[in-house]
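Report on the structure given below.
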Amino acid sequence: RGSFSKFSRYCADRGVNPKNCSPEFIANYLKYLHDSGSQYSTINHARSSISKFHDGFNGTQAGCHKLVSMAVKAVFKLNPPLPRYSSTFDPSLVLNYLKNLPSNSELDLKILSQKALFLLITSSICRVNSARLLGPQLLVYKVELFLLNLPLYTNLVLISGTLYPTYHGLEKTSRPGHVRGHLYIARFCDDPQLCPVFALTEYYERVSYFVASLELPHIIIQASDLLPDRHTFFISLKPPHKTVSSKTLARWATDLLSAAGVDTTIFKAHSTRAAASNLHGRNLSSIQICKLADWSTTSGVFKKFYLRYAE
């Protein structure tokens, strides 16, 4: 309904009724959106919204009128909805940058947060928004496997060196019968500096001091009981360390890419998924990559949007 509200304001400024305006007026509005920089998908969505609330023309929906359809097709030809990236950045740039940083325990919280986020996305090929949805439930237990110095409080369930951080909400692709409740983060034994398990556990050890410093028996508690404004795994860098948004996480990722020498005028945070796919493609099949990223193997999403060569 937001698109139709915008159309209604456009009509009100010109003294036109949005529910019975002419097809020429609707076509001019779609042209106005295009001239204002709107993408094809936005304009097509506006056409659908107008069609839903408009009275129509002699039994024909407004969006199906020949003139309106021609306007939308013209936008498609002038500004086709092509994939944003024809290539991706070389992930080795960022990995080499991370490898040359001091150890995790010596990093400040800002760099550690960026590193933990990047390695999380790279190892699981998850969205930035999916990283935001990692929940704050804390499984209280002691871990001594692999000499990981974990605090008493952690929501990272560690089984045979693999982390399973859980979600507190639905991902973008969640639907009835298809809900992924956790991520699969494997330990990278070849280089501790690039191991996502080490980075994530160090990050949580660091921020756990913002949550609580008590020593409790083996129980399950909620982080919200200790830090009311916290609802996610990643928290803000400054007090009172509240929940961060997807935009904040995207900025963290972009800042890290820029520091590593990636051209961030071209490649943004979401391009990390394509770079991660390229990296995993050296050892995994396309079916295995789709399973890791939670993509359908039949929809062609991977090949259409994420299978890119590295510059």
Only counting residues at least two apart or in another chain, list the ones meeting side-chain contact (heavy atoms from CB on, under 4.5 Å) with [X].
{"X": "P176", "answer": "none"}
{"X": "S22", "answer": "E24, F25"}
{"X": "D190", "answer": "F188"}

Quick one: which of [options] gives a side-chain contact (heavy atoms from CB on, under 4.5 Å) with [X]?
{"X": "F302", "options": "T297, I287, I289", "value": "I289"}
{"X": "L279", "options": "T122, L284, I125", "value": "T122"}
{"X": "S113", "options": "V207, L237, I235, L107", "value": "L237"}

- Message: Quick one, T60 with N58, criterion side chain to side chain donor-acceptor pair (under 3.5 Å). Give me CA distance, side-chain angles, the key distance, then yes/no.
- Response: CA-CA 6 Å; T60 301; N58 299 322; over 6 Å; no
If I compare all heavy atoms of [X] with all of [Y], which pair ends up nearest, and what's the gap?
{"X": "Q193", "Y": "L119", "answer": "O-CD1, 4.4 Å"}
{"X": "R187", "Y": "C195", "answer": "CG-SG, 3.7 Å"}
{"X": "R273", "Y": "W295", "answer": "NH2-NE1, 3.4 Å"}
{"X": "N79", "Y": "H34", "answer": "CB-NE2, 4.2 Å"}
{"X": "V128", "Y": "A269", "answer": "CG2-CB, 4.2 Å"}
{"X": "E171", "Y": "S130", "answer": "OE2-OG, 2.7 Å"}

- Check the side chains of S36 and S38 for a donor-acceptor pair under 3.5 angstrom, ignoring hydrogens and angles. no
For the [atom1] atom of [X] and the [atom2] atom of [Y], what is their distance to the nearest 0.5 Å?
{"X": "C126", "Y": "R132", "atom1": "SG", "atom2": "CZ", "result": "12.5 Å"}
{"X": "Q288", "Y": "C290", "atom1": "CD", "atom2": "SG", "result": "10.5 Å"}
{"X": "K19", "Y": "F7", "atom1": "NZ", "atom2": "CZ", "result": "12.0 Å"}
{"X": "I121", "Y": "H270", "atom1": "CD1", "atom2": "NE2", "result": "10.0 Å"}
{"X": "K242", "Y": "T248", "atom1": "NZ", "atom2": "OG1", "result": "12.5 Å"}
{"X": "S3", "Y": "L33", "atom1": "OG", "atom2": "CG", "result": "8.5 Å"}

Considering only heavy atoms from C-beta outward, does the side chain of [X] approach that of [Y] to under 4.5 Å?
{"X": "F89", "Y": "S271", "answer": "yes"}
{"X": "C21", "Y": "Y10", "answer": "no"}
{"X": "V244", "Y": "S236", "answer": "yes"}
{"X": "H65", "Y": "I26", "answer": "no"}
{"X": "H178", "Y": "D294", "answer": "yes"}

- Message: Could you go through R9 and D13, starting from their C-alpha distance and side-chain angles, then the distance that decides it, and tell me whether this counts as salt bridge (Lys or Arg N to Asp or Glu O under 4.0 Å)?
- Response: CA-CA 6 Å; R9 291 193 296 271; D13 293 341; over 6 Å; no
Do [X] and [Y] sit in one hydrophobic cluster, given that two such residues count as connected whenever their side-chain heavy atoms are within less than 4.5 Å of each other, even indirectly?
{"X": "M70", "Y": "F57", "answer": "no"}
{"X": "L67", "Y": "I50", "answer": "no"}
{"X": "V72", "Y": "F76", "answer": "yes"}

- Audit row: N44, S41, side chain to side chain contact (heavy atoms under 4.5 Å, CB included) steps and yes/no: CA-CA 5 Å; N44 193 38; S41 59; 5.8 Å; no
Would you find a donor on one side and an acceptor on the other, under 3.5 Å apart, between the side chain of [X] and the backbone of [Y]?
{"X": "R47", "Y": "I43", "result": "no"}
{"X": "D108", "Y": "I111", "result": "yes"}
{"X": "S258", "Y": "T254", "result": "no"}

- Relative to each other, are the rings of F234 and Y203 parallel, tilted or perpendicular (30° and 60° limits)? tilted
- If you group Ile, Leu, Val, Met, Phe, Trp and Tyr whenever their side-chain heavy atoms sit less than 4.5 Å apart, what else falls in with L170? V179
Atom pairs and distances, donor-acceptor, side-chain atoms in residues 98-105, under 3.5 Å, two or more places apart:
from : atom 1 : to   : atom 2 : distance (Å)
N100 : ND2    : N96  : O      : 3.0
S103 : OG     : S105 : OG     : 3.4
N104 : OD1    : K115 : NZ     : 2.6

- Pairs meeting criterion ring pair (Phe, Tyr, Trp, His ring centres under 6.0 Å) with involvement of residues 98-132, two or more places apart: none
